[in-house]
Each structure stands twice: as C-alpha cells, then as structure tokens.
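Letters go in sequence order (proteins before strands), and every chain restarts at 1. Quick note: numbers below take in every heavy atom, side chains included, and nothing from hydrogens, waters or symmetry partners. Please read all numbers here as calculations on a predicted model, not as lab measurements.
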Protein chains: 2
Amino acid sequence: MRKTSAVTVLESLASGVRLDMYRLLIRKGVEGMVAGDIAAALDLPPTNLSFHLKAMTQAGLLTVEQEGRFQRYRANLALMQDLIAYLTEECCAGHPEQCAIPRRAKGTVSRTPSTARTA
Amino acid sequence: MRKTSAVTVLESLASGVRLDMYRLLIRKGVEGMVAGDIAAALDLPPTNLSFHLKAMTQAGLLTVEQEGRFQRYRANLALMQDLIAYLTEECCAGHPEQCAIPRRAKGTVSRTPSTARTA
DNA sequence: TTAATAGTTCAACGATTGTTGGAATATTAA
DNA sequence: TTAATATTCCAACAATCGTTGAACTATTAA
C-alpha cells in the first residue's frame with residue numbers, strides 16, 4: 001500500500017459517521033446493505049449519507065453494486081488488511097522479541113470474497 | 001475501545017505527516033526517538049512537528065518521556081492493536097466461513113512494553 | 001550568570017471538510 | 001406516459017485543520 005492510499009483510507013474512517021457506516025457494513029459481510037437501509041440504521045439524511053458513501057468508495061473502503069434502483073454497498077476487507085499491514089510494517093525493526101504486534105508470515109495472502117471495484 | 005477514542009486515533013493518523021511520524025516511531029520500538037531527530041528525519045519545522053506530536057500524544061498513539069532537555073516519543077503499540085480490533089470487530093457476524101479477516105482468540109491479550117501515559 | 005539548545009504555546013491565515021436543502025438522474029410501478 | 005421511489009449532484013455556509021513566525025519555558029554549557 002502506498003502512503004497516499006493509506007492517508008485516503010484513514011481519512012475516510014476518521015469520522016464518527018463513517019466509522020459507524022464501516023462497522024455496520026463489515027458486520028454484514030458479503031451481504032452488504034443498500035443505501036436506504038444504511039440511512040435508516042444510522043438515521044442520516046440521504047444527502048449526507050451519499051456524501052460519505054462516495055468518499056469511502058473512492059478510497060476503496062467500500063464497493064458498490066447496482067441492484068435495480070438500489071445501490072448495495074459492501075466493506076472491502078482486503079483493503080482493511082492492507083491498511084493494517086501498512087500501519088504495523090517493520091514494527092520494532094530488528095528486535096522482534098520486543099514487539100507485541102502479531103506478525104503475519106511473509107507471503108501470506110488471504111482470499112477475499114470480492115476485491116474488484118464494481119463501479 | 002470506544003468510538004470517540006477510535007475517531008481520535010484515526011484522525012491523528014489521517015495525514016501524510018503524522019503517518020510518517022507514526023511509522024518512523026513504530027520501527028524504532030522501545031527505543032523511540034527524541035523530537036529533534038524526528039524533525040530531522042522528516043524535515044519538519046519544530047512548530048509543526050510539535051503540533052502533530054501533541055495531537056498524536058493526546059490521542060494516546062504516542063507516549064512522551066522527558067530526558068533532560070529532550071523529549072523522547074514512542075509509538076503505543078497496544079493502542080494500535082485495540083484500534084485494529086475495533087475496526088474488524090464482528091466482521092461477517094455469524095458467518096465466519098465467509099470472512100477473510102484473521103480472528104484473534106477471545107481473551108488474547110499481549111504484553112506491551114509500556115501502555116501507561118508518561119505525561 | 002549568561003548564552004545556547006530543545007521544545008512548546010500562541011495568534012493568524014488560508015485551505016479543507018461536513019452538513020444541508022434543492023434540483024437532477026435513474027429505475028420501477030400504475 | 002406519468003408518478004413515485006432511491007440515490008446522487010450542486011452550491012452555500014459554518015466549522016475545523018494545518019502551517020507559520022514570534023514569543024515563551026526549561027534545561028544544560030560556558
């Protein structure tokens with residue numbers, strides 16, 4: 001992950017509203033949620049919801065898929081894993097015995113339901 | 001971790017400068033770095049550096065310890081772990097088989113060099 | 001004591017962000 | 001076709017954020 005991407009992802013999580021949106025969607029997994037249901041769950045006016053959904057989708061944190069007149073949003077789990085790796089990269093470099101952050105084996109790549117952008 | 005704390009931590013990482021600062025410090029582990037060396041490494045004017053160090057320290061992401069006329073900063077690894085747990089909490093709730101995010105065993109707590117606030 | 005070094009605080013400014021209502025677009029139902 | 005529903009786009013405004021220079025405090029060296 002590049003720095004600019006990491007900043008964009010972090011920005012798009014750094015607000016109470018967007019954090020709620022992301023956590024709501026990550027719970028739903030592959031099912032995801034349509035925009036209207038997210039609005040209802042979090043009690044947000046549609047304009048505002050759309051603003052945040054767009055920001056998060058552009059950051060890659062969410063994916064969208066059209067379903068008739070609904071838009072279904074899903075959390076992008078792979079990107080979250082990349083972010084976590086970026087944040088903890090080379091933690092305690094050269095002194096793994098001091099380090100409390102769990103390390104992933106090198107080359108470990110996990111399969112994800114869907115990483116592709118739908119938009 | 002509470003939502004307000006998570007937002008504060010994410011805000012304090014959501015900028016190129018602060019992300020660089022954090023990643024620099026997490027590499028140093030328990031050694032940490034004094035403010036002047038951080039400024040030199042990232043080529044930042046002291047006023048600006050101090051502004052960001054303060055924000056990150058108040059968010060709990062960094063700890064400070066005075067050493068004579070120097071201030072030594074260290075990354076708070078425990079808080080990063082809490083944040084990661086918060087972000088991935090209840091991922092794919094009820095459908096672990098769909099989920100690509102690695103789960104931590106319940107009750108897993110890792111020892112960290114220092115979690116206490118020094119200031 | 002005086003001077004130098006390390007770092008923080010303050011005030012100001014420009015830039016960016018979040019929220020809102022209203023208008024626009026797209027899809028489905030009547 | 002027309003009307004209703006779902007969602008996005010646009011413009012405006014207030015609020016917040018990041019950067020800077022100048023002034024300040026604390027510690028150490030001369």
Side-chain angles (χ1 to χ4, degrees), chain A residues 3-22 24-25 28 31-74 117-119, chain B residues 3-25 28 31-59 61-74 117-119:
Chain A
K3 180 172 135 186
T4 55
S5 170
V7 171
T8 309
V9 173
L10 288 165
E11 275 171 351
S12 72
L13 283 169
S15 115
V17 174
R18 292 202 288 258
L19 203 43
D20 285 342
M21 290 167 58
Y22 182 78
L24 187 59
L25 285 172
K28 292 290 180 172
E31 185 193 347
M33 284 178 88
V34 300
D37 289 346
I38 302 173
L42 302 178
D43 192 27
L44 289 171
T47 312
N48 192 12
L49 180 85
S50 194
F51 170 81
H52 291 299
L53 284 173
K54 186 182 177 186
M56 295 174 78
T57 304
Q58 281 179 346
L61 252 188
L62 304 183
T63 60
V64 216
E65 188 183 0
Q66 184 153 8
E67 280 183 11
R69 56 179 148 174
F70 302 88
Q71 302 286 126
R72 182 166 298 270
Y73 286 88
R74 295 183 178 88
R117 313 272 319 275
T118 312
Chain B
K3 181 172 133 186
T4 54
S5 169
V7 170
T8 309
V9 173
L10 287 164
E11 276 171 351
S12 73
L13 284 169
S15 116
V17 174
R18 291 200 289 257
L19 203 43
D20 285 342
M21 289 167 59
Y22 182 78
R23 282 163 41 93
L24 186 60
L25 285 172
K28 292 292 181 172
E31 186 194 346
M33 284 178 87
V34 300
D37 290 347
I38 302 173
L42 302 178
D43 192 28
L44 289 171
T47 311
N48 192 12
L49 181 85
S50 194
F51 170 80
H52 291 299
L53 285 173
K54 186 182 177 185
M56 297 173 78
T57 304
Q58 281 180 345
L61 253 186
L62 305 183
T63 59
V64 215
E65 187 183 1
Q66 182 152 9
E67 280 183 8
R69 56 178 148 175
F70 302 88
Q71 301 287 125
R72 181 166 299 269
Y73 287 88
R74 296 183 177 88
R117 312 271 322 277
T118 311

**Request:** Answer whether the closest heavy-atom distance between the side chains of A:I38 and A:L25 falls below 4.5 Å.
**Result:** yes
**Prompt:** Got B:Y22 and B:H52 here, is their nearest side-chain heavy-atom distance under 4.5 Å?
**Reply:** no
Spacing of [X] atom [atom1] relative to [N] atom [atom2], expressed in whole Å:
| X | N | atom1 | atom2 | result |
| --- | --- | --- | --- | --- |
| B:D43 | D:dT20 | CG | P | 10 Å |
| B:D20 | D:dG18 | CG | P | 14 Å |
| B:M33 | C:dG7 | CE | P | 11 Å |
| B:F70 | D:dT27 | CZ | C1' | 10 Å |
| B:L53 | D:dT19 | CG | P | 13 Å |
| B:L44 | D:dT20 | CG | P | 9 Å |
| A:Q58 | D:dT8 | CD | C1' | 12 Å |
| B:L10 | D:dC17 | CG | P | 14 Å |

**Request:** Going 5' to 3' through nucleotides 17-30 of chain C, assign each nucleotide B (protein heavy atom under 4.0 Å from a base atom), S (under 4.0 Å only from sugar-phosphate atoms) or - (no protein heavy atom that close).
**Result:** -BBBBB----BSS-
**Message:** Under 4.0 Å from OP1 or OP2 of D:dT7: is there any side-chain N or O of A:Y73 that close?
**Reply:** no
**Set of side-chain hydrogen bond (donor to acceptor under 3.5 Å, both in side chains) partners for B:K3, sequence neighbours left out** = A:D20
